[in-house]
Structures are given as C-alpha cells and as structure tokens.
Amino acid sequence: MIKAVRGFKDLLPEEARVFHWLEARAREILLRYGFSEIRLPVLERTELFARSIGEATDIVEKEMYTFVDRNGESLTLRPEATAGVVRAFIEHGLHTRPKPLKLFTIGPMFRHERPQKGRLRQFHQVDVEVFGAASAGMDAELVALALEILEAGGAGDLRLEVNSLGCPTCRKPYRESLQAFLRARRDRLCEDCRRRAERNPLRALDCKREECQVEYREAPELTAFLCEGCREHHRAFKAYLEEVGLAPVENPRLVRGLDYYTRTIFEIKAPGLGAQDTVAAGGRYDGLVSALGGPETPAVGFAIGMERWFLIARPSESPGLSPELFIAPLGEEARRWAFQLAFRLRKKGLRVETDHEGRSLKALLRQANRLSAQRVLILGEEELRKKQALLKDLSSGRQIPLPFRDLRDLANRILIEIRF
RNA sequence: GUGACCGUAGCUCAGCUGGUCAGAGCACCGGGCUGUGGCCCCGGGGAUCGUGGGUUCGAAUCCCACCGGUCACCCCA
C-alpha cells in the first residue's frame, strides 16, 4: 500500500472542517485589524532562506527540503513564511504603498524534522506581517491580535512571554561578552552548548539541561547591554500591553531560531501541548528588508501554528449541512426523474441528495436517515403512474401525497412545500 | 539525527507460556419487513496478523533487521 510520506498528514473531513473554521476565525479578525491577504508560492530559491533565516541556523543547516531543479538551480520548499513575504514586498515595490502595510498569508510550510506531537514535516501557519511601522505600539498591537485570534478559536490558558534581542549595535558587545563567559566555563557545559558557544552563543541560554542552566545563572543578560533606543522600545512595548490588561512574562532566556529578529520577540505558549508548546511566535525584524536588497524598512510579524492551534481549539458548532430533501427513486424511469429534479432543485438553492444505484426503498430511507435529511420524496413507478409522489417528513414520520402534472410542476410543488 | 514504547479487518481491541489463532464490537452492505428510516434479530463482504529474514516438524505468537506510528531529546509554529 502506498502511504502518505512521513510527517505529511491527511486531513479527513471532520478535521478539515475544524481547520476551515479556524482559518475563518483568523481571517475575520485579521480583516477587522486592517490586514490584506496575499498568496505566495510554496517554492523559493534556496538562497532566499539562507540569507534571511541565517546560514548557521538549524532550519537552514538540516531541516530544509532542498533540491536542484531541472535547470540546475537550487530550490527549497519554504520552511517559514516571512522570507517569501519580504521577497514579494521587495519584488513588487510594495514599499510605495501607504504605510504601514499589513499583510497576512495562510498556507503550508515544510521542515524535515522528526515528527511528534504538534510537529509535522508539512505544517500550516497563519503568518502576519507589518511593514513600515517602527514603534513599539505596533509590536503590542500584533501581540493583542495573535491572542485574539487564538482565543476566537476557543484556546484559553495562554502564556505570553516576551524579550528584547536588541539591535545590531547593542547585540554585538553582548554577544562577545556572552561568548567569553561561555568559553570560560567550557568544560562544564554540555556538548551542544560548547558548539553553540562558537556558532550561536545566544542559543545556549535556551538549553534544556539543568547542569547548563545552573552555570547560566551568572551569565550576562542582554537587558544590561541594551542601548538607549532598544531599552525604551522594550519598555514602551510592555507598557502598551499592560494598559490593555495583557500580562507579559519577561523571559530573558527567550531566543529565536531565526537570525533576522531585532528588538521585540514574543512567544505564546499553551500548557497541554506537550513539548511543542509554542502556538504562536514572532517579533521585529527591522534589518531584514534591506538585507535582502529592499529599502530600509522596519517590520514586525508573527506566525500561528495551525496544527498546534487545532490541538487546543474548542470549535463551536459548525456541523455539515444536512440535505433538505432526499429523493428516493424506484425504477429506471423514476431515477431519470430524480436526476432531473435534483438538478432543478439544486439550482434553486435547495440542498438535495438522491440515488443512482437502484437501491431498495429500505436502503434509500436508511441512507436518507443517516444523512439526516429533513424530508424524503418517494417516487416509484406507482407514483409516476398516478402522478402523485409522496413527501415524507423524517422527524415526524408523516407523509403527504404530492400530486403533480409534470416534472417541472413537481419541482415547483416540492419547492413550495419545503420553502413555505 | 538520538532514545523509549508500540504495529492483528476502515476504527477500537482480543488472541501472543509456539500446535482449529485468524476472532469480537463498531462501521459498511443485505435480509427479516415482495415499496417505508431510526430500535431489534439474522446474514455477508472485508486481514498477505507492518515488511523481510531467521529459529522450529509447525510462528500473529520467539529472535534479528528494516519500515511506520506515538512520545521525548533536539529544534520550533
């Protein structure tokens, strides 16, 4: 049997319905916040991700679906959405649009990781980006937006963690100081942290090992290195949140797996999700647009992981719509009528089901019942001869005769009977 | 990439000290009710027992490898 590729999952009707409902909640709120949807390709040049996410990140080093196209260029299935949005922003000169420019996109992302709860190789994100807004107010607005979307999906019990990564000016001395600190303790750190110390020292602070965390208690904190501008930005960001009653938890250890972030970063976690408890995460990336060749443009964004959101969602009722009428034809001639009736009635906007397989009346009624059809039109040879069909109400069990002159007339009478 | 646990019908599982062991419930289809659903009763279809090796007279049952699933590490949405 050919099975789905590892980490790639089918969404069966019941799940697809919930996903759809979640997306609808997100779109609704995003439009209210003034965002416009853009749709982007799933495939980009590998170089785009290498340059934006960072060469030395796990994503780029070992998690991308990269292949060489027939014409010899290296392409990659997008592991995240921001790079593509920024690429489109630059490519289409969107910087000429009124600022701030608020965009969102929803779709699949691909990362070759070992699947587990809340982590698939093809997963979906609601990705939200704002270009041309430099101040902390927008950062706070996005946090509020993310929380509102998640809650609209029925997610409760969320924890908001924030931190500031500073800007290149203040991060550089911090990085050096941290690196010196790590090197001094080299032999007491785990293997991973020794590696991180050289490649990406910030990441060491996020280590899960108790032994390492003990060492890091004395580690220099970025907060102490923040420049005046970054310090003020972060203060204002938190103040905005507190003013609307959102309580951010300051987490100086919070870092990002993507190198492009500056200043504000935040994560929204949900207990109960297991090890992968981040449902949404984002931050500011003021340097990325220019780094990719666009005009100097401040930007902030975040992404919600659909699958994780799904796990904590409590969808309110959205049952599939049941048929208003089930036509139960008996015999070849009746089936031809049923086909035509269904065709006409559906065009009139009625939800109609019928059967083409020539099943017994008993089977047809069973099917109608299973579909939760409201009524059944029984149309057999006898009814055709007498020009009188039977319309049965499935909940009461009552059935009434429905006399007719011809097919068109029958369709009209059914419509009247059901609509009025 | 590493580790632990798991892998029998579409689903949930029983069988597993090797010898009618290929079963049950649900679901599906049909019959009882020659043209009337939901309940009940009866019947039917559907499984190379994850795959491939090995041990044995004999393996779903024991061993090995691989594949897949789950969770954790890692990483992240």
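Here is the naming used below: chain letters follow the sequence lines, and residue numbers restart at 1 for every chain. Here the structure is a predicted model, which means the values were calculated and not measured.
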message: Please determine whether a side-chain nitrogen of the Lys or Arg among A/R159 and A/E161 lies less than 4.0 Å from a carboxylate oxygen of the Asp or Glu.
response: yes
Nucleotide B/rA27, atom C1' - distance to CG of A/L12 in whole Å: 14 Å
field: ring-ring contact (aromatic ring centres under 6.0 Å, His included) pairs, two or more places apart, involving residues 368-411 of chain A
entry: A/W337-A/F404
task: Starting from C1' on B/rC73, measure out to CD on A/E63 and report it in whole angstrom.
output: 14 Å
message: Test your reading of the model: is there a side-chain donor-acceptor pair from A/E324 to the backbone of A/R351, 3.5 Å cut-off?
response: yes
field: Protein-nucleotide distance (A/K62, atom NZ; B/rC74, atom C1'), rounded to Å
entry: 7 Å
message: Rounding to an integer number of Å, can you tell me how far A/I149 CD1 sits from B/rA77 P?
response: 16 Å
- prompt: With a 4.5 Å limit on heavy-atom distance, are the side chains of A/S74 and A/T66 in contact?
  reply: yes
field: Rounded distance (Å) that lies between atom C1' of B/rC75 and atom CZ of A/R121
entry: 13 Å
field: Any donor-acceptor N/O pair, A/R185 side chain to A/F181 backbone, under 3.5 Å
entry: yes
Output a table of donor-acceptor pairs, distance under 3.5 Å, between side-chain atoms of residues 365-373 of chain A and any protein atom two or more places apart or on a different chain; print 'none' if there are none.
| from | atom 1 | to | atom 2 | distance (Å) |
| --- | --- | --- | --- | --- |
| A/Q367 | OE1 | A/R359 | NH2 | 2.8 |

- request: Write out the stems for RNA chain B, ordered by first number and formatted as range with range, counting runs of at least 3 consecutive Watson-Crick or G-U wobble pairs under 3.5 Å.
  value: B:1-7 with B:67-73, B:10-13 with B:23-26, B:28-32 with B:40-44, B:50-54 with B:62-66
Test item: A/R346 side-chain N/O and A/V352 main-chain N/O as donor-acceptor pair under 3.5 Å: yes
field: Interatomic distance at C1', B/rC29 relative to B/rG45, whole Å
entry: 7 Å
task: List the protein contact pattern of nucleotides 28-40 of chain B with one symbol per nucleotide (5' to 3'): B for base contact, S for sugar-phosphate-only contact, - for none; contact means a heavy-atom distance under 4.0 Å.
output: SSS-B--BBBB--
- request: Examine the side chains of A/E148 and A/Y33 and answer whether a donor and an acceptor come within less than 3.5 Å of each other.
  value: yes
message: Is there a side-chain contact between A/K392 and A/R375 in this structure, where contact means two heavy atoms from C-beta onward sitting under 4.5 Å apart?
response: no
Spacing of the C1' atoms in B/rG7 and B/rA14 (rounded, Å): 15 Å
message: I'd like to know if the side chain of A/E129 pairs up with that of A/T82 as donor and acceptor (distance under 3.5 Å, no hydrogens or angles considered).
response: yes
task: Taking only Lys NZ, Arg NE, NH1 and NH2, and the carboxylate oxygens of Asp or Glu, determine whether A/E37 and A/R39 approach each other closer than 4.0 Å.
output: yes
message: Rounding to an integer number of angstrom, what distance separates B/rU70 and B/rG50 when you compare their C1' atoms?
response: 15 Å
- prompt: Do the side chain of A/T76 and the main chain of A/R78 share a donor and acceptor less than 3.5 angstrom apart?
  reply: no
task: Round to a whole Å and report the spacing from CD of A/E113 to P of B/rG1.
output: 12 Å
Donor-acceptor pair between A/N163 and A/H234 side chains, under 3.5 angstrom: no
message: Can a side-chain donor-acceptor contact be found between A/Y65 and A/Q122 if the only test is distance below 3.5 angstrom?
response: no
Euclidean distance for C1', B/rC28 against B/rG10 (whole angstrom): 9 Å
task: Report yes or no: is the cationic atom of A/R335 (NZ for Lys, CZ for Arg) under 6.0 Å from the centre of the six-membered ring of A/F339, at an angle within 45° of the ring normal?
output: no
- request: Would you kindly give the CD1-to-P distance between A/I268 and B/rC76, to the nearest whole Å?
  value: 18 Å
field: Rounded distance in Å between the C1' positions of B/rA9 and B/rA47
entry: 5 Å
- request: Rounded to whole angstrom, note down the P distance from B/rG37 over to B/rU51.
  value: 42 Å
query: Using atom P of each nucleotide, how far apart are B/rC6 and B/rG52 to the nearest Å?
result: 22 Å
A/M64 CE - B/rC76 P separation (whole Å): 14 Å
Between the protein and nucleotides 45-49 of chain B, list the N/O to N/O atom pairs that are separated by less than 3.5 angstrom.
none

message: Counting the atoms with a prime plus P, OP1 and OP2 as sugar-phosphate, which does A/A281 contact under 4.0 Å by heavy atoms, base, sugar-phosphate, or nothing?
response: sugar-phosphate
Please write out the pairs of protein N or O atoms and N or O atoms of nucleotides 67-72 of chain B separated by less than 3.5 Å, giving the distance to one decimal.
| from | atom 1 | to | atom 2 | distance (Å) |
| --- | --- | --- | --- | --- |
| B/rG69 | OP2 | A/R6 | NE | 2.5 |
| B/rC71 | OP2 | A/K117 | N | 2.8 |
| B/rA72 | OP1 | A/A275 | N | 2.9 |
| B/rA72 | OP2 | A/Q116 | NE2 | 2.9 |
| B/rA72 | N7 | A/Q116 | OE1 | 3.4 |

query: If we take the C1' atom in both B/rU8 and B/rC40, what is their distance in whole Å?
result: 31 Å
